[in-house]
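Scroll down for the structure; my scribbles are underneath it.
No hydrogens, no waters, no symmetry mates; every other heavy atom, side chains included, goes into these values. Residues take their numbers from the sequence shown, with the count starting at 1.
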Amino acid sequence: MQYQEVQASLDDFFVPENSDAVRMAEMQERIDELEAQNAMAAQQAEQPDQMELLERSYQLAAHYSWLK
């Protein structure tokens, strides 16, 4: 009888997590990560590339240096 009582108390102590709830939490975390990545990509797409700005700056400088 003692073994069964100990086993029952251990079963109560180590309650397995609800696998559906764990999977939902993992999926929500992944969704949040992807949304953050998407927002960052959209923000970067709105800003001109620094290399493009430098190239355009050199083009304008070369163009106006010929006018002197």
Gap separating the OG atom of Ser19 from the CD atom of Glu26, nearest 0.5 angstrom: 10.0 Å
Value rounded to 0.5 Å, distance of CG in Asp32 from CD in Gln37: 11.5 Å
Carboxylate-amine/guanidinium contact Arg30 Glu33, below 4.0 Å: yes
Check: Leu53 and Arg56 side chains under 4.5 Å, non-hydrogen atoms: no
Test item: Asn38 and Glu35 side chains (from C-beta on) under 4.5 Å apart, heavy atoms: no
